[in-house]
There are 2 protein chains.
Amino acid sequence: MTNAGTSRRRSIGAQRNPESQQAILKAAEAILMEDGLAGFSIEAVARRAHAGKPTIYRWWPSRAALLLDVYHHQKHVERVPDTGSLETDIIAFLTALFGYWRDGNAGAIFRSVIAEAQTDVKATDALRAYVLDRFSQSAEFVRRAQARGEAADWVSPELAIELLAGFAWNRLLTSRLDDNPEELQRLARQISLGLKG
Amino acid sequence: MTNAGTSRRRSIGAQRNPESQQAILKAAEAILMEDGLAGFSIEAVARRAHAGKPTIYRWWPSRAALLLDVYHHQKHVERVPDTGSLETDIIAFLTALFGYWRDGNAGAIFRSVIAEAQTDVKATDALRAYVLDRFSQSAEFVRRAQARGEAADWVSPELAIELLAGFAWNRLLTSRLDDNPEELQRLARQISLGLKG
DNA sequence: CTTGAACGAAACGCCTCGTTTCGTTATGGT
DNA sequence: ACCATAACGAAACGAGGCGTTTCGTTCAAG
C-alpha cells in the first residue's frame, strides 16, 4: 500500500475532499451527542476528525453553519400521519415526534440548533425557514381533515400544526419528553374538537 | 466628602454589599440587552459593574445562576386575564405575553435563559420549575372558564395553558413576535372551541 | 481590640478562539 | 507536459476569557 499504518487524509488536489467533509460532520455529530453544545467547538471537532481547523473554516463560515449542516444531515422520520381520523392523526404526529427526539440524537441536536439560534442571527433565520417549511408539510394531515369535513374551513392548518409543534418544543426544551399517552390523548381530543369548529 | 471624585465601592465589613449585588445585576442585564448571550461573560459583567470577579463568583456559582437571577429580577406583568369570556381571555393572554416580550428586555433575556438551559443542567431544572409554576398560575383563567361552564370538566387547564405557551415560545424563539391580531383571534377561536368539549 | 470575611484590583496559568505559515498533494488551465 | 493554483493536516501565532489566587482595604462580629 502507498500509505501504510496510520493512513492520513491528504489533499486530493485543488478540490474539496469529500472524505474530510464526511469525517468532520461525523465528528461534529458525535461530539454533540456525547458532550452537548457546550463541548461543540471547532477546535474539538477538528481534533476528533483529524482535520485541520482551516479546513473547517474554509467550508463552514461559523460554528452555527456547521451545526445546521449536522442537523440537516440527520435522517428525518415521516411526520405526516394519515390514520383517517384527525384525533388519532394528532396523537400519531406527537408520538412520532416525541419518539424521534427521544430515541437517537435528533432531540439533542435540535435543542442545540434552537439554542444556537438564540445567539446567532443566521441560525435564527435558518431555523425559522426550516420550521415554516416543516409546518407547511405537516399541515397536510389537517388539510386532509378539512377535505373530509373533520375540520372547519376557517381554521388555518399551519396554525394548528404550530400549536402542536409549539407544545412539543416546550416539552423538548424543558426536558419533559416523557410521553404520557393519556396526556397526549386528552390534548388531541381538545384540539380536534377546536378544529371541528 | 470622604470619597470624592470617583467614589469606589468597598467592603462594608464581613457581609454582602447590596450595592455591589445590584450593580452586578444591572450590568448583567445591560450586557444581555446590548450584546445578547454571546457577550454575557463573568469577565464582561465584572468590568461593567466595576466589581471584582471573585465577588461575582462568591455569590453566583455559575454563569447560568447569574443569568437566572437577572431573569427573576425582571418585573413581570399580570398574565391572568379575566374578561369574562374564554376566547377573549386567550387573546388577552397571548397579546400581553407577546407585548411583554417584545417591548423592553424581557424577551431577549428569556431567550437567553432558554438557550442557557440547553447547555447547563441546573438552568434546565430551574427553567422547568419556573414554567410549571407559571403554567399553574396562568391556568387560573381556564379554571374560571370551567367554573362558568365555558370549558369541559375533562380538560386540563394546565395542558391548555401549555398549548398557548408553547405557541408563544415558538414565536419568540424564531423571532416571529409580530403580533398579528387576526391570527391570534383565529387561534383563540380554535382553542376555545376545543376546550368547550 | 482582635479576628475574619467581603470588597476592588491585578495577576496568575490554562485554554480556546480565529488566523497564518508550512510542506505536501494533485487538479485544471495553458 | 508543465506549472500556477488550491485544498489538505499540522503547528504555532496573538488575543482574550476562563476560574483562581494574592494583595491592601474596610468594617461587622465576637
Quick check for you: among C:dC17, C:dA5, C:dT27, whose closest atom lies nearest to any side-chain atom of A:Ser41? C:dC17
Among D:dG9, C:dG8, C:dA5, the nucleotide that comes nearest once only the side chain of B:Ser20 is considered: C:dG8
Is any side-chain nitrogen or oxygen of A:Trp59 closer than 4.0 Å to OP1 or OP2 of D:dC8? yes
Base of C:dG8 paired with side chain of B:Lys53 (donor-acceptor, under 3.5 Å): no
Side-chain N or O of B:Arg10 closer than 4.0 Å to phosphate OP1/OP2 of D:dT25: no
A:Ser11 side chain near C:dT24 phosphate (N/O to OP1/OP2, under 4.0 Å): no
Under the 3.5 angstrom rule, does the side chain of B:Asp89 hit a backbone N or O of B:Thr83 as a donor-acceptor pair? yes
Test side-chain hydrogen bond (donor to acceptor under 3.5 Å, both in side chains) applied to A:Arg176 and A:Thr174, A:Asp178, A:Asn180, the passing residue: A:Thr174
Start at the 5' end of DNA chain C and walk down; is the nucleotide closest to A:Pro54 or to A:Arg47 reached first? A:Arg47
Parallel under 30°, tilted from 30 to 60°, perpendicular over 60°: which one fits the rings of A:His72 and A:Tyr130? perpendicular
Is the terminal nitrogen or CZ of A:Arg171 (NZ for Lys, CZ for Arg) located under 6.0 angstrom from the six-membered ring centre of B:Trp169 and within 45° of that ring's axis? no
For a quick check of understanding: with a heavy-atom distance under 4.0 Å over all strands, which category does B:Gln15 fall into, base, sugar-phosphate or nothing? sugar-phosphate
As a test of reading the structure: which of D:dC18, C:dT27, C:dA9 is closest to the side chain of B:Tyr57, going by heavy atoms? D:dC18
